[in-house]
Number of protein chains: 2
Amino acid sequence: MQNQSTATPLGTANIPLTERLFDALQRAIVEGEIPQGSKISEPELARQHGVSRGSLREAMARLEARKLVERKPNLGARVVTLSYEQLIEIFQLREALEGMAARLAAQNMSEMEIEELQSLLNQHGEQIAEQHGQAYFQKQGDLDFHYRIVQGSKNNQLIELLCNDLYHLLRMYRYQFGMRSKRSQQAYEEHQYLINAISARDPEMAELLMRQHIRSSRRNVEAVFLEKL
Amino acid sequence: MQNQSTATPLGTANIPLTERLFDALQRAIVEGEIPQGSKISEPELARQHGVSRGSLREAMARLEARKLVERKPNLGARVVTLSYEQLIEIFQLREALEGMAARLAAQNMSEMEIEELQSLLNQHGEQIAEQHGQAYFQKQGDLDFHYRIVQGSKNNQLIELLCNDLYHLLRMYRYQFGMRSKRSQQAYEEHQYLINAISARDPEMAELLMRQHIRSSRRNVEAVFLEKL
DNA sequence: ATTTCTTAAAGTGTCGACACTTTTGTGGAA
DNA sequence: TTCCACAAAAGTGTCGACACTTTAAGAAAT
């Protein structure tokens with residue numbers, strides 16, 4: 001039996017402080033609550049969250065590993081600064097990684113998983129039809145779809161890398177750069193082709209389609225950026 | 001002015017303790033000095049290295065991020081356990097990532113870098129001729145070659161990922177699984193083709209060749225493993 | 001008024017201590 | 001002898017303190 005009345009907010013039991021802190025900070029950074037490029041003062045941030053500097057420090061080390069903050073010895077840490085160049089680099093990474101993921105998914109996804117993926121896409125389709133669903137589709141839906149294919153690859157290295165490491169940095173870009181687009185209809189169709197290839201157990205085709213899909217997505221981002229100038 | 005006589009071993013000045021510790025531990029793990037799968041006791045390891053637990057803890061957090069140790073809350077940390085399955089997964093990753101790296105290298109490497117790469121390969125060739133240079137070529141040379149192509153991609157995300165994160169895990173496999181092979185002659189030739197493609201500024205071909213090269217390398221590992229059973 | 005030197009404030013690096021959790025080891029009951 | 005309970009030991013989680021480094025502010029000199 002342990003004290004449930006005093007400190008522990010019920011449900012956070014046994015989850016180490018550092019971990020909760022890490023999640024909280026990650027969310028705050030991704031959503032821009034702590035602005036990009038801003039300097040982080042350990043004593044202040046620790047105080048705000050009511051933890052010791054040591055605990056915060058360990059959370060920061062993990063944030064650094066995910067490239068959400070940058071630290072320089074004796075100079076302290078700052079939230080990463082997002083840039084167009086980095087975003088393009090990430091798209092190139094994704095093209096390679098998710099391409100491989102799609103290839104493996106075509107080999108390794110179970111029939112059931114494929115069905116679920118299809119029904120997820122059907123939902124997206126409805127939402128697009130209903131509300132010209134730009135908001136939802138871009139922000140959550142697209143991410144969900146890609147997420148599942150990565151899971152379907154059954155390659156743990158790939159899953160770890162894309163879903164734990166890169167995922168949050170990418171989310172940060174979506175949050176803070178806007179990144180809405182008029183491509184939802186187009187993306188929806190590309191997703192459907194992809195499912196077809198996976199369903200047909202055609203790894204080669206699945207990889208090809210995924211790579212094209214991400215390349216289109218990148219071009220769209222490039223176009224949006226040019227507009228802004 | 002700072003005390004040069006007492007503590008600082010001259011040359012380690014200003015490099016934080018945690019960082020030096022991190023490097024030392026990483027080396028020890030990669031080379032198997034601390035055996036794979038072994039449990040790590042923070043107090044003991046800290047004592048051995050003459051640092052406080054806090055410093056060691058931060059180094060451990062970074063090791064964890066590189067997948068060299070695994071930590072579970074309240075249960076402590078163990079060195080990662082290498083497995084055939086994981087190795088295959090890593091090869092799949094590399095196929096995707098280094099394939100992309102080769103593609104980009106064909107676009108972005110400077111003429112000078114290409115020349116240097118060629119002369120590096122020439123050295124390798126000589127070594128193979130001389131001493132049937134299996135040892136060197138496998139352990140260092142091959143890694144060097146791939147390393148340079150990744151650098152040549154000029155994609156910082158890719159460079160970071162392959163040369164900082166995955167690199168050491170891969171080195172650990174080389175160290176501890178042996179992974180010598182009779183493929184050095186074959187690999188040498190494949191490397192030469194790759195340079196030709198890069199030199200011809202043919203991204204498509206460079207990617208294709210790199211992927212084939214890594215796939216061959218994987219097949220070789222698979223074969224070596226089957227032998228062992 | 002501008003620059004530079006000096007000194008105080010803030011911040012980071014590192015440590016040792018204590019509370020709580022898990023593991024280990026020992027003795028008694030079946 | 002085997003199994004369980006329970007105390008002791010070891011280990012992890014978290015904190016606060018102190019030393020050294022960097023940054024900021026203010027005084028002195030040009």
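Chain naming here is simple, since letters A, B, ... match the order of the sequence lines and numbering starts at 1 in each.
- The distance between atom CD1 of B:I15 and atom P of C:dT14, rounded to the nearest whole Å, is 11 Å.
- Checking D:dG11, C:dT12, C:dT14 against every side-chain atom of A:E42, the shortest atom distance belongs to C:dT12.
- Scanning all heavy atoms of the two residues, the minimum distance from A:A102 to A:L194 falls at CB-CD1, 4.4 Å.
- Of the candidate nucleotides C:dG11, C:dC15, D:dT14, C:dC15 has the atom lying nearest to any side-chain atom of B:L17.
- A straight line from CZ of A:R53 to P of C:dC15 spans 13 Å, rounded to a whole angstrom.
- Among the nucleotides C:dT12, D:dC15, D:dG11, the one closest to the side chain of B:P43 is D:dG11.
- Contact check of residues 67-80 of chain A against DNA chain C (heavy atom, cut-off under 4.0 Å) returns A:P73, A:N74, A:G76.
- Atom CD in B:E58 sits about 12 Å away from atom P in C:dC15, given to the nearest Å.
- If you measure from atom CE of B:M60 to atom C1' of D:dG11, you get 12 Å, rounded to the nearest angstrom.
- Shown here for A:K154 and B:E89, the closest heavy-atom pair between the two residues is O-OE2, 3.7 Å.
- The shortest non-hydrogen separation linking A:C163 to A:Q151 is SG-NE2, 3.7 Å.
- Separating the CD atom of B:E64 from the P atom of D:dT12 is a distance of 13 Å, rounded to the nearest angstrom.
- Remark: B:K39 is not in phosphate contact with D:dA10, judged by side-chain N or O atoms under 4.0 Å from OP1 or OP2.
- In this structure, the CG atom of A:L45 is 10 Å from the P atom of C:dT12, given to the nearest Å.
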Identify each donor-acceptor pair in which a side-chain atom of residues 59-68 of chain A lies under 3.5 Å from a protein atom, sequence neighbours left out, and give them as a table.
unit_1 : atom_1 : unit_2 : atom_2 : d
A:R66  : NE     : A:N164 : O      : 3.3
A:R66  : NH1    : A:Q26  : OE1    : 2.9
A:R66  : NH1    : A:H168 : NE2    : 3.4

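- Take the nearest nucleotide of DNA chain D for A:G54 and for B:I40: the residue whose nucleotide is more 5' is B:I40.
- Between A:L21 atom CG and A:E19 atom CD the span is 10.5 Å, to the nearest 0.5 Å.
- With sequence neighbours left out, the salt bridge (Lys or Arg N to Asp or Glu O under 4.0 Å) criterion links B:R103 to B:E204, B:E207.
- Put simply, A:S41 has a side-chain N or O that comes within less than 4.0 Å of OP1 or OP2 on C:dG11.
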How far apart are the C-alpha atoms of A:Q123 and A:Q127, what are their side-chain angles, what is the distance that settles it, and do they pass the side-chain hydrogen bond (donor to acceptor under 3.5 Å, both in side chains) test?
CA-CA 6 Å; A:Q123 278 182 254; A:Q127 262 152 356; 5.6 Å; no

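- A:L56 comes within contact range of no nucleotide atom at all, as no heavy-atom separation falls under 4.0 Å.
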